[in-house]
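Let me begin by presenting the structure, written as structure tokens, before commenting on it.
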There are 2 protein chains.
Amino acid sequence: MPLRPTDAEHIRHLSFFRASTDATFDKAIAGGFLQKFPAGTTLLMEGDTVDFLYILLEGSVELGAGWKSKDTTLAILRPVSTFILAAVVLDADALMTAVTLERSEILMVPGESLRRAMKEDAEFCFAVSEELSGCYRGLVRSIKNHKLRDSTERLANYLLTQRARQGGKIEIVLPHEKRVLASLLGMTPENLSRAFLKLQAQGVTVDGARVRLEKVTALERLARPSPLIDNHFAQPRNELGKAHTERQKGLLDGKGSA
Amino acid sequence: MPLRPTDAEHIRHLSFFRASTDATFDKAIAGGFLQKFPAGTTLLMEGDTVDFLYILLEGSVELGAGWKSKDTTLAILRPVSTFILAAVVLDADALMTAVTLERSEILMVPGESLRRAMKEDAEFCFAVSEELSGCYRGLVRSIKNHKLRDSTERLANYLLTQRARQGGKIEIVLPHEKRVLASLLGMTPENLSRAFLKLQAQGVTVDGARVRLEKVTALERLARPSPLIDNHFAQPRNELGKAHTERQKGLLDGKGSA
DNA sequence: AGTGCGGCTTGACTTTTATCAAGCGTCGGC
DNA sequence: GCCGACGCTTGATAAAAGTCAAGCCGCACT
């Protein structure tokens, strides 16, 4: 369905649109539309031509990739997040598959509209560049996480990140199925179970999706979270699940507000 | 030293400057200078404040990162490559350490000049966005390479990529020390040696830095190179259309940025 | 209530990767 | 020339991660 004025007004202040003028905004979303998808819908397969920029407004989306009968999860997005922005800017094929994990509401903006708006409005184009840069840095963090830490350390840091995101309480709730989490962390579901067992020594107890962190300092001693890898302070706002406003100057400690 | 007019004229047509007008170019490189560094110079450490965009004109640079006494190589750059572009756009701290591997010539452009030029010239800003997008996609490829393939498969694909880059001859020359290559491929030097042994069955023989690929089809059967992960066709600029085809970034040697 | 499916866990086992410890060869300095 | 450093290789061993198989539990559906 085409975009209703009330939806447009809502979107007007999200993501990089905040930096745009009204005229540029209209140009950028020209031809865009809102769509709802049920859980499990494949929005885009890797290798597909990319015609739209996607902006997740409700629900959640998994970005993944496969090779030789293996599959892995690269990121899990929550609102408000853009995705496949880089492919849109380059008018190139998708490198990732996008699948809804829940019923989701997604704004689809024609790539051509976005590119035209970028080329005509430097302010807006710069805002998109900032978004791209944030996504890029999210990926750098992800690679460091995978190349420098083993699976138990990745889990420990994931738990601490969730703790920070969920308000620092003693108990957190895993936002996804464990099999999805395992894939995101680059391990098998079996090994995720075993990694949770190992973290019992650091005061981690699991009950379904509820995880209690009884000895945070012990967990931190093992996890050694780093502002150069983890991003506890990010809004869940952009492509690869990491920071949008990269505000880490002077942040050395794992505690902070949302 | 300040930039001489002859240097500026040379740089004028490199990277995203190609898309700029003369006025924007002057603005973008205002305050920039050329500098030569010996091998092994640390240009920037992770966590440092980033004041300049770096553009590698000669030599080679390793981008790496460390955690808990471990270190890894994220990319190896060859001319002409920009690096730490994302940090410059966001005016944020570096997430990677940059070290020269050989004597190198590097153009250093004040971040503030670049950002100002981007904000004033949409065409130029879009070209920078394309560069950022290419870097982003290089990292996506890199993560897929690491999460989906084991170390022998990564080596096999690295060899095939080098073969394509070096003209498809039966013999290739490894462009870096094996210990650097091992770090780039996410393995220890010991395991790199053993991985080469395993590939003898696929016709791979090693003599120092010279590697012969006698049975390419057998090697390809094992490596299963994919255009969604590997980027064999990167370097030569496309003559027809899309001058901004993404070039090899981030992943195995090539262009990159932070 | 019963049934079946899917997600999760656990155990035994295999494969992959890292670690530790030699040993070899090359290169540059003395 | 000799020495020592360093990069690379090889072997033995240990740790990490994946695979296969079985079983449990909760949940939806009949």
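Throughout, a chain's letter reflects where its sequence line sits, starting with A, and its residues are numbered from 1. Atoms considered below: every heavy atom in the structure, side chains included; atoms not considered: hydrogens, waters and symmetry mates.
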- Task: Tell me which nucleotide among D:dT10, C:dG11, D:dG18 gets nearest to the side chain of A:T188.
- Result: D:dG18

- Query: Hey, is the main chain of A:P227 close enough, under 3.5 Å, to the side chain of A:R141 for a donor-acceptor pair?
  - Reply: yes

- Message: At less than 4.0 Å, is any side-chain N or O atom of B:K178 found next to OP1 or OP2 of D:dT9? Yes or no.
- Response: yes

- Would you say the side chain of A:R179 and the base of C:dG6 hold a donor-acceptor pair, judged only by whether the two atoms sit under 3.5 Å apart? no

- Rounded to the nearest angstrom, tell me the gap between atom NZ in B:K70 and atom C1' in D:dA15. 12 Å

- Message: If the cut-off is 4.0 Å, is A:S193 near the phosphate of C:dC8, judged by side-chain N/O to OP1 or OP2?
- Response: no

- Query: Could you give the NE2-to-P distance, from B:H146 to D:dA17, as a whole number of Å?
  - Reply: 16 Å

- Query: Under 3.5 Å, is there an N or O donor on one side and an acceptor on the other linking the side chain of B:R149 and the base of C:dT16?
  - Reply: no

- Any side-chain N or O of A:N191 less than 4.0 Å from the OP1 or OP2 oxygen of D:dG18? yes

- Message: Please report the distance, rounded to the nearest Å, between CZ in A:F196 and C1' in C:dG7.
- Response: 14 Å

- Going by modelled atom types, is there a donor-acceptor pair between the base of D:dC6 and the side chain of B:E177 at under 3.5 Å? no

- Item | salt bridge (Lys or Arg N to Asp or Glu O under 4.0 Å) evaluation trace for B:R103 with B:E58 | CA-CA 8 Å; B:R103 174 175 171 73; B:E58 285 277 340; over 6 Å; no

- Within this structure, what is the CG-to-C1' distance between A:L197 and C:dC8, rounded to whole angstrom? 12 Å

- Give a yes or no answer on whether the side chain of A:D230 reaches the backbone of A:P225 with a donor-acceptor pair at less than 3.5 Å. no

- Measure the distance from CD on B:E190 to P on C:dA21 and round it to the nearest whole Å. 12 Å

- Tell me which nucleotide among C:dT17, D:dA17, D:dC8 gets nearest to the side chain of B:D150. C:dT17

- What is the distance, rounded to the nearest whole Å, between atom NZ of A:K147 and atom C1' of C:dT17? 15 Å

- Query: Does a salt bridge link B:E171 with B:K169, judged by any charged N lying under 4.0 Å from a carboxylate O?
  - Reply: no

- Would you classify A:L192 as touching base, sugar-phosphate or nothing, given that sugar-phosphate means primed atoms plus P, OP1 and OP2, and contacts are heavy atoms under 4.0 Å? nothing

- Note on the structure: Here the distance between atom C1' of C:dT15 and atom CD of B:E153, to the nearest Å, is 13 Å

- Message: Is the distance from the ring center of A:F52 to that of A:F33 below 6.0 Å?
- Response: yes

- Task: Round to a whole Å and report the spacing from CZ of B:R154 to P of C:dT16.
- Result: 13 Å

- Task: Please determine, for the side chain of B:M187, which listed nucleotide (C:dA18, C:dT10, D:dT10) has the closest atom?
- Result: C:dA18

